[in-house]
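Both counts, for ligands and for their atoms, begin at 1 and track the order of listing.
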Amino acid sequence: MVYSHIQDVLLGKFKEGETVNLRGWVYLTRDLGNLYFLVLRDATGLLQTVIRKSNTEPELLEKIKQISQETAVSLNGKIKKDERAPGGYEIEINNLNILGLSRDYPLSKKSHGVEFLLNHRHLWLRSPRQRDILKIRESVTWYAREFFRREGFTEVHPPMLTPSMVEGGATLFELKYFDRNAYLTQSSQLYLEALIFSLEKVWCLAPSFRAEKSRTRRHLTEYWHLEAEEAFYSNEDNMKLQEKLVSYICKKVAEKNREELETFQVRPERLLKIKPPFKRMKYQEAIDKLQRKGFDVKYGDDFGADEEEALTKDMETPLFITNYPLEIKAFYMKEDPNNPGTALCADLLLPEGYGEVIGGSERETNYEVLVKRIEETGQPIENYKWYLDLRKYGSVQHSGFGLGLERLIMWLLKLSHIREAVPFPRTPSRIYP
Ligand code: NSS
């Protein structure tokens with residue numbers, strides 16, 4: 001048996017009157033006496049089907065009595081154009097088979113509380129809205145991969161179990177690793193730095209873990225981290241690469257995902273506006289601006305969601321903040337020789353108040369300086385012996401960055417919370433399902 005997808009029907013690949021075989025899940029049913037409507041759902045969309053009871057075999061009528069929301073079915077029917085049907089097509093069912101029954105499906109079409117939905121995340125993912133998010137997520141990673149390949153990068157696969165921290169001890173997940181302690185990685189950066197000496201330009205997409213206790217709309221404890229590292233790149237080159245990457249993804253998604261974007265009332269023009277160069281502001285200027293807006297911040301404070309929102313809420317394109325004070329940034333960042341005390345770094349903030357999506361910097365290449373910076377973190381230097389080797393054997397200027405995939409998706413689709421941007425969100429209070 002050859003099965004078609006709903007999208008094939010909606011795109012008009014068949015002529016009116018042709019017969020198709022479809023399979024999927026029952027999205028909803030409506031019994032109007034002689035007419036029985038069944039909206040079928042598959043991976044590609046929704047389609048209305050109908051049974052006219054008066055000219056239908058009793059056997060089929062028996063079957064439809066067993067059908068309820070999320071019953072899995074295969075069916076065969078004739079294509080009819082119908083203006084009134086969503087999508088403009090309807091199928092008149094000739095035959096139908098039940099593949100898997102569904103009883104008392106807990107998610108109805110009425111609205112549920114978010115905790116209830118999250119407890120049923122394994123089922124919630126079937127909804128058309130969640131499917132659209134998953135499709136966009138796949139597009140973003142696909143076009144990122146395409147971008148990096150075109151730019152001459154090699155994709156690599158670093159480990160998630162590590163002996164040391166990258167981004168500061170406060171957010172480390174510690175675990176027993178046989179007879180010693182290990183950590184879940186906070187970032188693959190240190191391994192990417194090792195790999196550039198083999199491949200020059202590398203990138204990866206991998207989970208990063210942060211024991212963030214802060215319950216905010218934009219923090220997960222496990223998130224997908226898109227990271228790149230480039231030999232012979234300055235921080236300036238690094239920022240140019242980020243602009244290109246983010247603009248490329250926006251353009252491709254705007255062109256290729258129009259239908260999914262509509263679900264979120266996102267017009268493609270909003271994404272097509274994202275083009276290099278992005279606006280820039282030094283950390284010091286950002287502090288001044290926040291103070292003028294009445295924020296109680298001083299030089300040396302890190303920005304939280306509120307500050308980032310204030311800085312970007314009136315913007316329509318992303319903003320780089322550069323030159324953060326060295327002491328509030330990670331040990332591996334290089335000092336800016338033109339602005340002592342500040343790092344050759346940039347955080348990229350998304351517009352419309354969404355805030356940070358990328359953290360990037362040029363890396364410290366000097367062995368002694370790096371040893372001192374690691375010692376200041378209080379971490380045992382032995383754990384970084386291999387990392388320090390990279391500064392001993394042919395060290396070169398290099399830079400890199402990390403982009404939070406869910407943060408980007410959240411902004412792309414104007415989601416109010418990061419938890420919808422990942423299939424099974426992990427937060428301090430949730431590790432189920
Ligand atoms: O801590 S970062 O700012 N930077 C790094 O981890 C560098 N080691 C990356 C690198 O240069 N290779 O994190 C980078 C991004 C940040 O801008 C966010 O978009 C995202 O990772 N991020 C998160 N997303 C979701 N949830 C949490 N908790 C989170 N933490 C960071």
Side-chain angles (χ1 to χ4, degrees), residues 137 140 144 148 153 156 158 160 162 164-173 183-196 201-230 233 235 237-239 241-242 245-246 249 302-305 308 312 318-322 324 328-334 343-350 354-364 377 387 398-412 415 417-422 425-428 430:
R137 189 179 160 102
V140 170
F148 280 120
F153 280 69
V156 293
M160 307 294 101
T162 67
S164 46
M165 63 144 216
V166 192
E167 291 299 324
T171 64
L172 274 179
F173 274 113
Y183 307 103
L184 292 177
T185 189
Q186 295 165 309
S187 157
S188 300
Q189 177 189 326
L190 306 189
Y191 295 98
L192 297 190
E193 284 189 63
L195 286 159
I196 59 162
K201 295 197 283 187
V202 295
W203 77 283
C204 70
L205 178 58
S208 277
F209 303 87
R210 308 271 169 119
E212 309 261 13
K213 291 198 192 73
S214 50
R215 286 159 205 234
T216 74
R217 294 183 296 110
R218 50 184 216 156
H219 284 94
L220 293 165
T221 51
E222 177 187 270
Y223 71 97
W224 283 75
H225 205 170
L226 192 160
E227 294 182 271
E229 196 72 26
E230 316 98 34
Y233 269 48
N235 188 47
D237 302 330
N238 193 31
M239 288 164 76
L241 181 71
Q242 293 164 45
L245 167 70
V246 171
I249 293 172
D302 212 349
F303 300 142
E308 288 178 11
T312 59
L319 169 70
F320 278 119
I321 310 244
T322 66
Y324 283 79
I328 60 168
K329 286 292 184 188
F331 66 87
Y332 51 72
M333 291 191 185
K334 190 178 165 79
L344 275 174
C345 71
D347 281 358
L348 184 67
L349 310 191
L350 289 169
Y354 279 81
E356 186 191 331
V357 67
I358 293 183
S361 66
E362 190 168 326
R363 318 309 193 186
E364 179 55 65
T377 70
Y387 181 66
H398 64 286
S399 301
F401 66 89
L403 175 152
L405 183 66
E406 290 80 13
R407 297 253 179 111
L408 181 61
I409 293 164
M410 200 181 155
W411 168 76
L412 276 171
L415 305 179
H417 199 292
I418 196 167
R419 64 189 159 220
E420 264 192 295
V422 61
R426 298 289 178 248
T427 57
R430 179 167 295 281

Below 4.5 Å, heavy atoms only, C-beta onward: do [X] and [Y] meet side chain to side chain?
| X | Y | value |
| --- | --- | --- |
| T221 | P428 | yes |
| K334 | S361 | no |
| I418 | Y223 | no |

So which heavy atom in the protein is nearest [atom], and how far is it from that ligand atom?
| atom | value |
| --- | --- |
| atom 26 (N) of ligand 1 | L220 N, 3.0 Å |
| atom 18 (C) of ligand 1 | R407 NH1, 3.5 Å |
| atom 1 (O) of ligand 1 | R210 NH1, 2.9 Å |
| atom 5 (C) of ligand 1 | E167 OE2, 3.2 Å |
| atom 12 (N) of ligand 1 | E227 OE2, 2.7 Å |
| atom 3 (O) of ligand 1 | E356 OE2, 3.2 Å |
| atom 15 (C) of ligand 1 | G402 O, 3.5 Å |
| atom 31 (C) of ligand 1 | Y223 OH, 3.3 Å |

Which ligand 1 atoms does [X] reach within 4.0 Å, using its non-hydrogen atoms?
| X | result |
| --- | --- |
| S187 | 6 (O), 7 (C), 8 (N) |
| R218 | 25 (C), 26 (N) |
| I358 | 17 (O) |
| E212 | 28 (N), 30 (N) |
| F401 | 9 (C), 10 (C), 11 (O), 12 (N) |
| R363 | 10 (C), 11 (O), 12 (N) |

For the residue pair W203 and F148, does the interplanar ring angle fall in the parallel (under 30°), tilted (30 to 60°) or perpendicular (over 60°) class? parallel
Less than 3.5 Å between some nitrogen or oxygen of [X] and one of ligand 1, yes or no?
| X | answer |
| --- | --- |
| V357 | yes |
| G404 | yes |
| Q189 | yes |

Just checking, any donor-acceptor pair under 3.5 angstrom between side chains of H398 and E193?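 H398 vs E193: donor-acceptor pair found between side chains.
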For Y332 and E167, which I'm curious about, is there any donor-acceptor pair between the side chains at under 3.5 Å? yes
Rounded to the nearest 0.5 Å, what separates atom [atom1] in [X] from atom [atom2] in [Y]?
| X | Y | atom1 | atom2 | answer |
| --- | --- | --- | --- | --- |
| I249 | L403 | CD1 | CG | 6.5 Å |
| T162 | L184 | OG1 | CG | 7.5 Å |
| L226 | L405 | CG | CG | 7.0 Å |

Yes or no on side chain to side chain contact (heavy atoms under 4.5 Å, CB included) for R217 and L415, after CA distance, side-chain angles and deciding distance? CA-CA 10 Å; R217 294 183 296 110; L415 305 179; over 6 Å; no
Would you kindly specify which portion of W203 sits under 4.0 Å from ligand 1, judged on non-hydrogen atoms: side chain, backbone, both or neither?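 Neither part.
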Backbone of Q186 reached by a side-chain donor or acceptor of R210 within 3.5 Å: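 Indeed, once roles are kept as given, a pair shorter than 3.5 Å links the two residues.
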